[in-house]
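To keep things clear, I will list the structure first and then write my remarks on it.
In what follows, every chain begins at residue 1, and chains take the letters A, B, ... in the order their sequences are listed. Computed from heavy atoms alone, side chains included, the values below leave out hydrogens, waters and symmetry copies. Predicted model, so just to flag it, every value in this text is computed and none were measured.
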There are 2 protein chains.
Amino acid sequence: MSAAPKEFLEYIDAHKDAFIKRLTKAVAIKSVSGDAAYRQYVHDMGDFVESELKAVGVDTKLVPLGKQKLDGKEVELPPVVFGKLGEDKNKKTVLIYAHYDVQPALQSDGWGQDPFELKHDENDQLIGRGSTDDKGPLLGWINVLEAHKSLGIELPVNLRICFEGMEESGSVGLDDLIKAESGPGKYFDGVDCVCISDNYWLNDVTPCLTYGLRGITYFTVTISGPARDLHSGLFGGCVHEPLTDLFHLFSKLVTPEGKILIPKIKKLVDKLTPEERARYEKMDYSIEDINESVGADIAVSEDKVEILMKKMRYPSLSIHGIEGAFAEPGEKTVIPAKVSGKFSIRLVPSMTPENVNPLVKQFLEYEFLKLESKNTLKVEVTHGGKPYLADPDHWNFVAAAKATKAIYGKEPDLTREGGSIPVTLTFADALGVNVLLLPMGRGSDGAHSTNEKLDLSNYINGTKVLGTYLHEIAQATK
Amino acid sequence: MSAAPKEFLEYIDAHKDAFIKRLTKAVAIKSVSGDAAYRQYVHDMGDFVESELKAVGVDTKLVPLGKQKLDGKEVELPPVVFGKLGEDKNKKTVLIYAHYDVQPALQSDGWGQDPFELKHDENDQLIGRGSTDDKGPLLGWINVLEAHKSLGIELPVNLRICFEGMEESGSVGLDDLIKAESGPGKYFDGVDCVCISDNYWLNDVTPCLTYGLRGITYFTVTISGPARDLHSGLFGGCVHEPLTDLFHLFSKLVTPEGKILIPKIKKLVDKLTPEERARYEKMDYSIEDINESVGADIAVSEDKVEILMKKMRYPSLSIHGIEGAFAEPGEKTVIPAKVSGKFSIRLVPSMTPENVNPLVKQFLEYEFLKLESKNTLKVEVTHGGKPYLADPDHWNFVAAAKATKAIYGKEPDLTREGGSIPVTLTFADALGVNVLLLPMGRGSDGAHSTNEKLDLSNYINGTKVLGTYLHEIAQATK
């Protein structure tokens, strides 16, 4: 069934323990990119990744990205690890992306162990920070290359590697590098498709391929009144209070059921086709799945297809919080002088920050006028990115689907993600090729949470899928 | 004009420097009651106050209040300093209250100096933490007693002293002590009236006496949904979001102009009499005063009388903030799992926590039902106290008004405070006597802010007022 040689699959099974050891080593390097105090570990992790790649025959280079200001210090950005393997004009060239940095983790956050000491538990889960996000998938590729090298099997495609160390902290500098290295004579010249392994299955049992991502536009809405915080005993009732205004304003954005109330937003959403609807109907998902993943019976609909579409193909608006108001435990009787409310809208085709932002801004300004407040309003767009949609019938997806079927014995679901992975769009725009998201882990892995895990079966079978995918590409495009 | 002997007034002027020195010593003792690391200083300050009182002839005792848990440590509560001077049955007995603890202060908060080193600046302001709140007024009493003792003038009243060291941290233990010491044979037996010096003039030029305080009822409204915080990319649009519910709910509480929307609240407010209205009309206050004190042109009315009544005799509702939502700088795309919104209502006669709380609770629960959310609501009253209103025609107020007129040359305004000073009510309820609030400092003193100050003229004239007030009582009640 599989386009990959039988020896390759056997090798992966036989070297399970060595692969766990490799992941243990990687997890032990505390490559938290968001904290200046951990920056040296991120560099150490870049060195580790490079030496592992060299050892399996990859021609590597560390690309420096300059400095950044972090926690008040100027620190060196972690390098991007570039890699090249094969220059055969008769083969397809596949660019693979993963990241070697991780989210912060302290045992005191609620971990049942030292988060940087990979634990192989009795349920065959590999628990540790970065296990599933994204050290497991990254090492999956290295495992694949080790197997081919050890077995003397020629790689069926040319590989280009781009492993970054700043994904959890805004991928500072990566966009410019990708753009600079795209085009004739550049590092990514000749790339035929991209494979990103940095997301998750929809649930815990059915593999998926992801062909779409929602975009985002993030608003910071600041209402300012008095020159300083006031005591509500002294001034309550006498002045226009910024926080009261903000509650009125934000109550106009979205209904409790999630319906966005900003005019004309709905018209920007692409119409649903029967073919697309059929994909949601087919997906292995239920209302129990969502209630289980959020830990409460709070889904806005009892219809699985409705929920999947709300997650994948419709926009949503979430309020995140307020900066400047009283946020601690206890009772403070303050009238905050200046409050910044934050919300974001998830964008789907054909919404873009460009066509959405003016509608939101106009709406907020008009609704604020209606409040007749003497306070002042400032609306800022603090970040954003457009949505992504790939062609799931492209050979890149077909190869991944065949590989998945060969290893897991079932068709992967074709999903779209509710979140955004901005590098996807950067690759798609800069290279003009199909970008596939091929997840290794499960929906319950808890990527940014405490007790992040990767099931051993996903690590091993996921490694097999990655290797098989390369062989399927070669076969499909022969 | 003044009932106080001329030598007394001359003594106060002549000993200005010594009195500044006394305040300098007191400010230097960092008696911050809200921080376990400073607790020893609060005890030191209690000792200082006791020794100063002893030196001017007061029979003192330190009353221990037991222990409290603070910052995870068990610490000894600062004692209440009790004092007794005079047992003459032919004199009135006046109970005086002040506090010797202070708010926290760090130079890095924005002070132009070490906050615990009293600075006498070129504008004759005495700048330092506690200068006006409440060490200046407390020492004013000691200055008065020193003058009488040095001059050999008999005190015209019996004094009972109650100086506490926990006012800035909830007056832990004080209520019970006051109740326990009220009644026949107890420490406060025979007290005819109370004078509290712990508030401020309405503005910077006209003295005032305060005969009313608003009460408060503080609500913590918790909406819970998912078992943990969610990623808005993964779940935005799919679930009932607690923060969206909270914005809808709180937008129903009060209009941007400050009108409370909870039914039946308005009916609990006492009717305005023409006599009371005349007091507001007479007050030395303008719209410019409020705009200046808040640092912006945001008053909800252009009518001075309206604003004064909103501050003093009408209820108000202020939203203070949200616990559990994203409150830091930057952009986090979280759907908070559980949010606790906090607001409070300032109460005026005849509102009480008892008659207001059920109305608020019912309203919130009904409005939440209308949202048809699957999240859960919990409404808690986290603290409260009823409003206070004294008879401003009582001899206690008449004496204070005469004393003020004698020293400042103008009639004091009769004000009510928008905030609450809970000990006022405790004294009134426990002793059943008239309680006067006789402020020493000005509206612009910045009691809880950086660069807190007391004008030297207020310290000196205020001391004269306190002494003269005692003589006026004796004269008025002869």
Taking non-hydrogen atoms and a cut-off under 4.5 angstrom, which of residues 311-318 of chain B neighbour chain A?
B:Lys311, B:Ser316, B:Leu317, B:Ser318
Within residues 378-387 of chain B, which residues come under 4.5 Å of chain A, heavy atom to heavy atom?
B:Thr382, B:His383
Got a sec, which pairs hit side chain to side chain donor-acceptor pair (under 3.5 Å) with one end in residues 226-240 of chain A, sequence neighbours left out?
A:Ser232-B:Arg346
I need the residue from A:Gly295, A:Ala325, A:Ser251, A:Gly258 with the largest number of non-hydrogen atom pairs under 4.5 Å to chain B.
A:Ser251
Between A:Phe326, A:Phe343, A:Phe250, A:Phe247, which has the largest tally of heavy atom pairs under 4.5 Å with chain B?
A:Phe247
Can you tell me if B:Lys374 uses its side chain to pair, donor with acceptor, with the backbone of A:Ala299 under 3.5 Å?
yes
Among A:Thr244, A:Thr333, A:Ile307, which residue forms the greatest number of heavy-atom pairs with chain B at distances under 4.5 Å?
A:Thr333
Gap between atom CD1 of A:Ile298 and atom CD1 of B:Ile335 - 0.5 Å precision
8.5 Å
Region of A:Pro329 that comes under 4.5 Å of a non-hydrogen atom in chain B:
both
If you count heavy-atom pairs under 4.5 Å between each of A:Thr255, A:Ile260, A:Val339, A:Ile345 and chain B, which one has the most?
A:Thr255
For chain A, which residues from residues 212-220 of chain B have at least one heavy atom closer than 4.5 Å to it?
B:Arg214, B:Ile216, B:Tyr218
For the CG atom of A:Leu230 and the CD1 atom of B:Ile290, what is their distance to the nearest 0.5 Å?
8.5 Å
Out of B:Lys310, B:Met309, B:Glu323, B:Glu306, return the one with the most heavy atom pairs under 4.5 angstrom to chain A.
B:Glu323
So which of A:Ser224, A:Pro226, A:Pro256, A:Gly236 has the largest heavy-atom pair count under 4.5 angstrom toward chain B?
A:Pro256
Rounded to the nearest 0.5 angstrom, the NE2-NZ distance for B:His248 and A:Lys252 is 9.5 Å
